[in-house]
Amino acid sequence: MVEHHPVLLEEVITYLRCEDGKTYVDCTLGGGGHAAHILEKSSPTGRLLGIDWDPEAIRISRDRLKEYGGRVFLVRDNFSNLTRIVKDRGFQSVDGILLDLGVSSFQLEHGKRGFSFRGEAPLDMRMDPNRREMAADLINRLPVRELERLLKAYGETRWAKRVTRLIEGRRKKGFISTTTELRSIVHSAIPAPLHPRRIDPATKTFMALRIAVNEELDNLKTVLEEALSVLGRGGRICVISFHSLEDRLVKEFFRMAEKGCTCPPHLPQCVCHGEKTLKVVEPKPIRPSQKEIEENPRARSAKLRVAERI
Ligand SMILES: C[S@@+](CC[C@H](N)C(=O)[O-])C[C@H]1O[C@@H](n2cnc3c(N)ncnc32)[C@H](O)[C@@H]1O
C-alpha cells in the first residue's frame with residue numbers, strides 16, 4: 001500500500017501546541033499520519049479522538065495507532081457530527097482540532113474506489129461507502145446545466161461546457177460507468193494541443209465530481225460551526241485545504257468569527273449576538289516549503305489556516 005505523507009506535519013504539530021495531558025481531535029484521520037505525531041508529541045497522557053467516515057481509514061489507523069493504547073478513540077462518522085461525537089465520548093471540550101481535507105493516498109490508490117483516473121474502476125468516489133449516490137449516478141442523472149455548473153464551480157475548469165456536451169451525447173448511448181470512460185470523454189473534449197502538461201486533463205473533472213459526491217463544502221461549513229462549541233478557551237483549530245473554494249470558506253469563517261459574527265451572509269441581520277469566538281493566529285495561509293513539495297508533490301496546493309478559540 002502507498003504510504004500517505006502527512007502534509008505540513010511540523011507546522012500542524014507546532015500550531016496545535018501538542019502537549020502532555022491535552023485532548024485533540026483529528027477529524028480526518030485517513031492513514032493516521034498526523035494522528036500518530038499528535039499522540040507522540042502529547043505523550044505520555046494526551047488523548048486523541050480520530051474521526052473518519054471511511055471504514056478503511058479506521059481499520060488502517062486502528063492498527064497504526066495501537067501502541068498508544070487507551071489514549072486513542074476512533075469513530076467512524078461524518079465529521080459534520082463533531083459535537084455529538086465529542087460529547088458521546090464523554091469529553092467536555094478539546095484543546096485542538098485538525099482538518100486535513102481531501103482524499104487520502106490509500107483512497108486514491110485503491111483500484112476499486114474510482115477516485116483516480118489511473119486504471120479502470122467503477123465511477124464510485126464515495127469516501128463513505130454508505131452514501132447513496134456514486135459519481136456514476138451524478139454523471140448519468142444530473143441535468144446537463146447542473147452538471148456543467150458543478151464542473152465549473154468545483155473543478156474551476158474552462159472546459160466544463162465541452163465536457164458536459166460530450167457527456168450528454170455519450171449518455172444517449174448508455175450508462176457511463178467507469179473511470180476510463182469518463183477520462184476518455186474529458187480527453188476528447190479538450191483539444192490535444194491544449195492538454196495541460198503537468199496534470200492529466202481529467203484531473204479537474206474528477207476532483208469536481210468527488211467534491212459533489214461527498215458534499216465536501218457543506219460538511220466543511222458544518223464542522224467549522226461545530227468546532228466552536230467543542231474547542232475549549234485557548235484551543236486551536238488547524239485546517240489544511242487543497243482547493244481554493246475550501247480555503248476561501250475557511251478564511252471567511254475565521255474572519256467572521258474574529259469579528260464576532262458567524263451568521264450566514266444571506267441573513268439580513270446578525271443573530272449570533274456578536275460574540276467574538278476566534279482569533280486568527282496567522283493572517284496569511286501557511287504553505288509547504290519547497291523541500292516538502294519536492295519530497296511530496298501532493299503538498300503543492302496545500303494551505304494551512306489556524307485560529308484560536310477565545
Ligand atoms: C487527506 S486525508 C487525511 C490524511 C491524514 N491526515 C493522514 O495523515 O493520514 C482525508 C481523510 O478525511 C476523510 N474525510 C473526508 N471528509 C470527511 C467527512 N465529512 N467526515 C469524516 N471523514 C472525512 C477521508 O475519508 C480521508 O480519509
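In each ligand, atom 1 is the first atom listed, and ligand 1 is the first ligand listed. As a basis for the values below, the full set of heavy atoms in this structure was taken, side chains included, without hydrogen atoms, waters or symmetry mates. Counting from 1, the numbers follow the sequence of the chain as shown.
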Salt bridge or not for [X] and [Y], using N-O below 4.0 Å?
X    : Y    : answer
E168 : R171 : no
E295 : K291 : yes
D128 : R76  : yes
R113 : D54  : yes

Applying a 4.0 Å heavy-atom criterion (strictly less than), which segment of [X] is in contact with ligand 1: side chain, backbone, both, or neither?
X    : result
E216 : neither
V7   : neither
N78  : both
D77  : backbone
D128 : neither
N214 : neither

Indicate whether any N or O donor in one side chain lies under 3.5 Å from an N or O acceptor in the other, for [X] and [Y].
X    : Y    : value
Y154 : E216 : no
D200 : H187 : yes
N219 : N78  : yes

Which ligand 1 atoms, with their elements, are less than 4.0 angstrom from a heavy-atom of [X]?
X    : result
N219 : 19 (N)
L101 : 1 (C)
T28  : 3 (C), 4 (C), 5 (C), 6 (N), 10 (C), 11 (C), 12 (O)
G33  : 7 (C), 8 (O), 9 (O)

Does ligand 1 have any atom that is closer than 4.0 Å to a heavy atom of [X]?
X    : value
E215 : no
G32  : yes
L29  : yes

Below the 3.5 angstrom mark, is there an N/O of [X], backbone or side chain, next to an N/O of ligand 1?
X    : value
S104 : no
D26  : no
G31  : yes
R298 : no
D54  : no
S80  : no

Practice task
Using heavy-atom distances, let me know which of I240, V75, V103 sits nearest atom 1 (C) of ligand 1.
Solution key: V103

Handout entry: Closest candidate by heavy atom, reference atom 15 (C) of ligand 1, pool M127, R76, R126
Key = M127

Practice task
Return yes when atom CZ of R89 has more than 12 non-hydrogen atoms of other residues, nucleotides or ligands closer than 6.0 Å, and no otherwise.
Solution key: yes

Exercise for the section: Could you tell me whether R236 sits above the aromatic face of Y24, with NZ or CZ closer than 6.0 angstrom to the six-membered ring centre and within 45 degrees of the axis? Expected result: no

Problem - Full working for side chain to side chain donor-acceptor pair (under 3.5 Å) between S104 and Q107 - result: CA-CA 5 Å; S104 196; Q107 290 168 327; 5.0 Å; no

